[in-house]
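The structure appears right after this line, and notes come after that.
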Amino acid sequence: MKLLVTGGAGFIGSNFVHHVVEHTDHRVTVLDALTYAGNRASLAGLPADRVAFVHGDITDAALVDGLFAETDAVVHYAAESHNDNSLDDPRPFLETNIVGTYTLLEAARRRDVRFHHISTDEVYGDLELDDPARFTETTPYNPSSPYSSTKAGSDLLVRAWVRSFGVQVTISNCSNNYGPYQHVEKFIPRQITNIIRGIRPRLYGAGQNVRDWIHADDHSSAVLTILEKGRIGETYLIGADGERNNKHVVELILSLMGQDPDAYDHVADRAGHDLRYAIDSSKLRTELGWEPQFADFEAGLAATIDWYRENESWWAPAKDATEAFYARKGQ
Ligand code: NAD
Ligand code: TDX
């Protein structure tokens with residue numbers, strides 16, 4: 001099969017491309033605009049006869065149409081992905097997440113190409129800390145931030161294109177990913193690289209907010225499973241039962257790196273900060289037989305710390321600008 005992977009030079013997209021090369025015979029073309037979040041080095045070492053790279057924008061209809069004409073299936077990861085950036089300047093989130101997804105859907109319609117849309121659990125808003133409920137495929141949409149509202153908008157466009165035009169689409173909404181190749185703006189890599197640089201980790205507010213962590217490789221295996229066995233028009237939630245509050249995670253990172261677990265600073269909270277995300281992934285597990293492989297969060301985190309220690313040349317170029325951005329916001 002020939003796959004087109006949008007956003008394949010980003011964090012989760014590049015993990016997916018590595019996963020596909022390792023576990024299947026598919027050939028992959030990556031379409032990526034190489035924004036500040038894209039990095040060709042994340043695809044280094046992959047065989048040239050299996051992975052091709054196209055530098056371009058998903059809002060470029062002519063480019064997209066030509067690529068769809070040569071592909072069997074599309075997996076759509078490209079997005080503006082960081083909540084803090086969306087609070088600073090929402091415009092690129094509308095362009096890429098809404099107009100970009102629209103552009104791809106129109107090409108999928110014209111070319112009758114199988115399309116898998118990657119989304120987030122943040123479209124459902126947040127849960128109370130003491131609420132026993134978790135998100136399911138029928139939870140009403142209630143996004144909080146410019147980022148999550150544009151992802152929700154893109155999901156709704158996808159659903160409309162299935163119903164109105166019969167486009168061959170599946171959707172997945174995944175919880176927070178961790179693993180190699182994640183940009184240093186995000187919570188876990190920011191704290192790991194701070195510690196490597198001798199800067200104290202930064203916790204927003206009291207740190208009680210809960211995220212449901214999944215290793216990026218488990219996200220990739222779930223997406224491949226949906227691509228192969230998912231029912232057209234359906235949504236699948238992806239999660240690995242990894243709920244932890246941020247305070248716990250920062251203390252764990254400090255301990256795993258041989259530091260005093262209290263050696264972090266509380267900083268200004270994020271505006272509109274979602275309290276808790278939690279995923280019920282029973283539909284994916286029972287209907288399609290998927291199971292996560294990284295059951296031990298502490299072991300996965302330790303391996304991720306090793307990766308950042310061994311790959312400073314990958315993340316160092318982005319570190320100073322990222323910390324300057326946070327310093328301006330008092331975070
Ligand atoms: P990322 O920011 O690391 O990567 C995004 C990639 O998309 C980059 O390579 C960037 O260059 C590319 N891109 C951005 N705008 C583009 C455009 N207009 N045209 C072409 N390429 C463009 O993001 P990520 O964390 O890897 O997230 C990937 C997808 O997974 C997103 O759709 C995100 O909403 C979703 N998601 C992320 C998480 C998470 O924990 N990070 C969880 C659930 C879902
Ligand atoms: O320095 C920090 N300190 C801190 O306490 C940073 C960068 C974050 N945080 C908190 C905010 C969140 O509660 O950590 C938590 C995780 O923050 P992010 O890594 O920014 O992720 P989040 O906002 O939860 O969104 C992520 O998961 C869902 C991805 O960035 C999204 O793309 C995905 O859809």
Side-chain angles (χ1 to χ4, degrees), residues 5-16 30-40 42-43 54-60 63-64 75-87 92-93 95-97 99-101 103-104 117-123 126 143-145 147-148 150-151 154-155 172-179 181-191 194 201-214 216 219 223 237-239 244-247 249-250 264-270 272-277 279 322-323 325-326 329 331:
V5 177
T6 73
F11 164 45
I12 309 179
S14 64
N15 273 280
F16 179 73
V30 168
L31 170 61
D32 198 294
L34 296 178
T35 67
Y36 81 95
N39 191 341
R40 284 213 60 171
S42 305
L43 300 169
V54 175
H55 184 197
D57 202 295
I58 58 166
T59 60
D60 180 341
L63 173 68
V64 162
V75 187
H76 173 34
Y77 289 92
E80 286 293 337
S81 69
H82 193 36
N83 276 301
D84 291 320
N85 290 342
S86 82
L87 295 165
F93 291 74
E95 294 292 346
T96 290
N97 301 356
V99 179
T101 301
T103 308
L104 297 172
H117 178 66
I118 301 291
S119 193
T120 169
D121 58 0
E122 295 190 21
V123 299
D126 59 355
S144 314
S145 73
Y147 162 68
S148 54
T150 58
K151 289 298 290 187
S154 71
D155 292 12
S172 56
N173 297 78
C174 188
S175 60
N176 282 59
N177 285 220
Y178 73 97
Y181 303 112
Q182 187 169 27
H183 195 280
V184 291
E185 69 191 357
K186 302 294 190 332
F187 179 53
I188 287 178
R190 185 181 183 207
Q191 314 314 337
N194 270 7
R202 305 277 199 259
L203 196 60
Y204 293 174
Q208 295 306 307
N209 309 63
V210 170
R211 296 295 181 265
D212 189 352
W213 294 100
I214 180 173
H219 188 178
V223 169
L237 261 53
I238 305 173
R244 303 272 186 297
N245 74 30
N246 295 338
K247 185 171 179 295
V249 174
V250 95
Y264 60 86
D265 292 328
H266 291 274
V267 292
D269 206 354
R270 174 183 284 171
H273 197 175
D274 278 343
L275 202 47
R276 170 172 162 251
Y277 307 138
I279 287 264
T322 302
E323 287 308 311
F325 167 76
Y326 283 125
K329 292 159 63 76
Q331 293 179 318

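Order of listing sets the numbers, starting from 1, for every ligand and every atom in it.
Judged as a ring-ring contact (aromatic ring centres under 6.0 Å, His included), and not counting sequence neighbours, the contacts of His76 are Phe115, His117. A search for ring-ring contact (aromatic ring centres under 6.0 Å, His included) contacts involving Phe325 returns nothing, not counting sequence neighbours. Judged as a ring-ring contact (aromatic ring centres under 6.0 Å, His included), and not counting sequence neighbours, the contacts of Tyr264 are His266.
The ligand atoms of ligand 2 that sit less than 4.0 angstrom from a heavy atom of Glu185 are 7 (C).
Closest to atom 3 (N) of ligand 2, if we only count protein heavy atoms, is Arg202 O, 2.8 Å. For atom 11 (C) of ligand 2, the closest heavy atom belonging to the protein is His273 NE2, 3.4 Å.
Counting heavy atoms only, Arg270 comes closest to atom 23 (O) of ligand 2 of the residues His82, Arg270, Glu122. Distances from atom 21 (O) of ligand 2 to the heavy atoms of Asn177, Thr120, Asn176, Asn85 put Asn176 nearest.
Of the polar atoms of Ser81, at least one N or O is found under 3.5 Å from an N or O of ligand 2, judged by distance alone.
With respect to the salt-bridge test (charged N to carboxylate O, under 4.0 angstrom), the residues Arg202 and Asp265 qualify.
Heavy-atom distances between Lys151 and ligand 2 stay at or above 4.0 Å for every pair.
The residues lining ligand 1, counting any heavy atom closer than 4.0 Å, are Gly7, Ala9, Gly10, Phe11, Ile12, Asp32, Ala33, Leu34, Thr35, Ala37, Gly38, Gly56, Asp57, Ile58, Tyr77, Ala78, Ala79, Ser81, Thr96, Ile118, Ser119, Thr120, Tyr147, Lys151, Cys174, Ser175, Asn176, Asn177.
Taking the ring centre of Tyr326 as origin, the terminal cationic atom of Arg190 falls inside the region bounded by 6.0 Å and 45° from the ring axis.
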